[in-house]
2 protein chains.
Amino acid sequence: MVTINDIARKAGVAKSTVSRYLNNGSVSRETRNKIEEIIRETGYMPNNFARSLKAQKTNMIGVIIPRLSSASTNEVLSGIDERSRQLGYQLIITNSDQDSEREFENIQTLSKQKVEGIIMFARELTPEHIEAVKQTQTPFLFIGQRAEDIHSIIHQDYEAGEKIGKYALELGHRHFLFIGVPEKDRAVGVERKQGFLDTVRAGHGITIDTIETDFSRSSAYQKALKFLPETLATYIVCATDNIAVAVLKASKELGYSVPEDFSLSGFGGYEATAYVSPTITTVSYPYREMGLESVDKLVKLINKEEVPHVSEMKNELVINQSTTFFKKV
Amino acid sequence: MVTINDIARKAGVAKSTVSRYLNNGSVSRETRNKIEEIIRETGYMPNNFARSLKAQKTNMIGVIIPRLSSASTNEVLSGIDERSRQLGYQLIITNSDQDSEREFENIQTLSKQKVEGIIMFARELTPEHIEAVKQTQTPFLFIGQRAEDIHSIIHQDYEAGEKIGKYALELGHRHFLFIGVPEKDRAVGVERKQGFLDTVRAGHGITIDTIETDFSRSSAYQKALKFLPETLATYIVCATDNIAVAVLKASKELGYSVPEDFSLSGFGGYEATAYVSPTITTVSYPYREMGLESVDKLVKLINKEEVPHVSEMKNELVINQSTTFFKKV
DNA sequence: TTGTACGCGTTATCAA
DNA sequence: TTGATAACGCGTACAA
């Protein structure tokens, strides 16, 4: 490897001079030219580790994501990438494969890398998670789940549930089926659902059935093949767009038509909802903006500025073709 | 920051002893216990930079991707993540936003980080790219595009095109429309297309029209709204699954039914092709395996082992509902 | 088993 | 403007 020493020797100057050239640039024209030439010749590149070691700063931000193949995650990630780049931070993205053990590991790894801050996409939040984060001295930000004592940035999931509930009632529906996910995920499994339930429960003559699945399309599809023929619901609320896409698929397979036989909606606002037929009514979440904001917030944390414990991102009902007025049958 | 020196002082031993404990572990029971306790108390974590600086090894692999929101990219990435984890490498993922300048930047950045090897998802490959890579002393691997002088791992795109061509001919089709992408992307824009063209051209009474779009769904959708009413083709070949999904969407919008009015196929084998109706015939690419193999190959490069310049990944025709026999109209 | 001393590549301080 | 030197945190000969 070619080091600053090599450059100095070949240029016939002290390495401190080369260093000065590299940073301030305040050197004489003559030596500057000489150094520039040697650097070009040798293809020298400063060693970031030595630099970080000295400067006690890495300019790196660590990100922990649950999986690499999620549309929403990637949107947020894209926002994180953009903003951190603007701010001169280098990103280290680690994947936990939806496994808590690996989440702990990744927190450790990133701490050892001496990243200046960590952003973690939270799924379920156990006491061990909180503990692991507190151990770390590194500024920390959770995305997606509200956490005690630790800063977080979340969606208004309860409100999103309310929006769908209100909208469905307005359409005249009274018989609902909610396809949810496990409650370990508080944001999606509890709040989103509760917002919906609290809203529709307020009405009269309402029936609400509930089914639980996971975040994968395939599970939702399999389950839908079973429950669709049995349900009396005229409006099916899916906890995510992926689930909605899968249920729609199963509906067609079984010969139902949406929204004639029942209305159907999701949450998220993924691109996929716009490229199926009918297009799916959903609540659009500002994923990219969330990524931008999360970096802003983390950087404030790094700089020890005051920031609110929880930041909430607003969302928006998007009405598409998959929902329509209740028709008496 | 708590360093190995602090631990040593508090434990009343030399830092070399602590270091030995950290690495070999060969210390007396007594000191071991003492050190362990102090480390637990202080939450000490070794500084990876100092470590890398000393060891001249970072155990990091750099990855350059064109964008964060691509299904195929993420599948490959997932494979890369899995294998590099198994092999004890830490991943640094950087995003180039489909911009050549940023690709060069990222190559630089990763080199400075002293990653041991770089995997880059290639889009278009210019002489500047080749030059930038050669500048770097870092072992380098291109994914997705064949490159002179530089190691690469690619799909059998030409063969994939052949498969679709052969299949379409067998179904009795004679009038084709190929929806392609710019030729800057040699793999998809040239080879995939050429494999198809060379195959169907061999027959008689064939007509082939060609349209060019980009990789986004929205562009393909907009264009499809225009060309679908005009085309006489009975089989539409889309260069990617995303394009196929968009064309299918436009077809429905316009009142056509697939495959009754025309057959339609894509390339890639994305999950999305299975969750639309009709499901889309495609060629399934082994993205995840490609990720695994690319790490294997890069590691061999790092260890200066002999490896073939180009590795090819096989693919497979997947027949779904969007294609059927040609029916005389 | 333990401790001393040095070097990894860089930057910062201070004197020349 | 330049150069000598110390320091960042760690690992490792080598000596004790």
Side-chain angles (χ1 to χ4, degrees), chain A residues 1-36 38-39 42-60 88 90 108-116 137-138, chain B residues 1-39 42-60 90 108-116 137-138:
Chain A
M1 192 190 346
V2 36
T3 77
I4 199 175
N5 263 314
D6 302 330
I7 307 295
R9 193 157 15 84
K10 289 188 184 173
V13 298
K15 65 176 178 178
S16 47
T17 305
V18 181
S19 175
R20 219 172 320 109
Y21 161 78
L22 254 23
N23 299 295
N24 317 330
S26 92
V27 288
S28 72
R29 272 189 59 83
E30 199 179 356
T31 50
R32 168 196 311 281
N33 291 335
K34 200 176 280 176
I35 292 176
E36 265 170 4
I38 311 258
I39 287 185
T42 55
Y44 163 76
M45 283 202 185
N47 183 325
N48 263 1
F49 293 115
R51 209 170 242 185
S52 298
L53 179 61
K54 182 67 180 158
Q56 302 286 35
K57 276 196 81 195
T58 59
N59 279 318
M60 299 205 289
Q90 170 76 10
Q108 295 267 330
T109 312
L110 291 173
S111 298
K112 278 197 245 174
Q113 297 289 142
K114 291 283 182 289
V115 297
E116 300 191 25
Q137 301 297 329
T138 318
Chain B
M1 191 188 348
V2 37
T3 77
I4 198 174
N5 263 315
D6 302 329
I7 307 296
R9 191 158 17 83
K10 289 187 182 173
V13 297
K15 67 172 179 177
S16 53
T17 305
V18 181
S19 174
R20 222 174 318 111
Y21 161 79
L22 253 24
N23 300 294
N24 317 328
S26 92
V27 289
S28 72
R29 273 188 61 83
E30 198 179 356
T31 49
R32 169 195 311 280
N33 291 335
K34 199 176 280 175
I35 292 176
E36 265 169 4
E37 190 188 326
I38 311 260
I39 288 185
T42 56
Y44 163 75
M45 283 202 184
N47 183 324
N48 262 0
F49 293 116
R51 213 172 234 186
S52 298
L53 181 60
K54 180 69 180 161
Q56 302 286 32
K57 277 197 80 194
T58 59
N59 279 319
M60 300 206 287
Q90 170 76 7
Q108 295 266 331
T109 311
L110 291 174
S111 298
K112 277 197 247 174
Q113 297 289 142
K114 292 284 182 289
V115 296
E116 301 193 24
Q137 301 298 328
T138 317

Which pairs, protein N/O on one side and nucleotides 10-12 of chain D N/O on the other, fall under 3.5 Å?
residue : atom : partner : partner atom : Å
D:dC10  : OP1  : B:Tyr44 : OH           : 2.6
D:dC10  : OP1  : B:Asn47 : N            : 3.0
D:dC10  : OP2  : B:Ile4  : N            : 2.4
D:dC10  : N4   : B:Lys15 : NZ           : 2.5
D:dG11  : OP1  : B:Arg51 : NE           : 2.5
D:dG11  : OP1  : B:Arg51 : NH2          : 3.2
D:dG11  : OP2  : B:Ser19 : OG           : 3.3
D:dG11  : O6   : B:Lys15 : NZ           : 3.3

Original post:
For DNA chain C, what residues of residues 26-34 of chain A have any heavy atom nearer than 4.0 Å?
Top reply: none
Subject >> Distance, rounded to the nearest Å, where B:Leu53 contributes CG and D:dA7 contributes P >> reply: 17 Å
Original post:
Does any donor atom in the side chain of B:Asn48 or A:Gln113 lie under 3.5 Å from an acceptor atom in the other side chain?
Top reply: yes
Subject >> Nearest heavy atoms of B:Thr58 and B:Val115, plus distance in Å >> reply: OG1-CA, 3.9 Å
Original post:
What heavy-atom pair brings A:Asp6 and A:Met1 nearest, and what distance separates the two atoms?
Top reply: OD2-O, 3.6 Å
Original post:
Any idea which heavy atoms bring A:Ile35 and A:Ala11 closest together, and the distance?
Top reply: CG1-CB, 4.3 Å
Original post:
Looking only at heavy atoms, which two atoms of B:Val27 and B:Thr31 are closest? And how far apart?
Top reply: CB-OG1, 3.7 Å
**OP:** Whole angstrom is fine here: how far is it from CG in B:Asp6 over to P in D:dC8?
**Re:** 11 Å
Subject >> Greater than 12 external heavy atoms within 6.0 Å of A:Glu36's CD >> reply: yes
Original post:
In degrees, rounded to 10°, what is the bend between the two ends of the helix from C:dT1-D:dA16 to C:dA16-D:dT1, using five pairs at each?
Top reply: 40°
Original post:
Nearest to the side chain of A:Ala14 - D:dC8, D:dG3, C:dC8?
Top reply: D:dG3
Original post:
Among B:Arg51, B:Lys114, B:Lys112, which residue meets the side chain to side chain contact (heavy atoms under 4.5 Å, CB included) test with A:Phe49?
Top reply: B:Lys114
Original post:
Between C:dG7 and B:Gln56, is there an OP1 or OP2 to side-chain N/O distance shorter than 4.0 Å?
Top reply: no
Subject >> Short side-chain to backbone donor-acceptor contact, A:Asn24 and A:Arg20, under 3.5 Å >> reply: no
Original post:
Under 3.5 Å, is there a donor-acceptor pair between the side chain of B:Arg32 and the main chain of B:Tyr21?
Top reply: no
Subject >> Donor-acceptor contact present, side-chain B:Gln90 to main-chain B:Met60, <3.5 Å >> reply: no
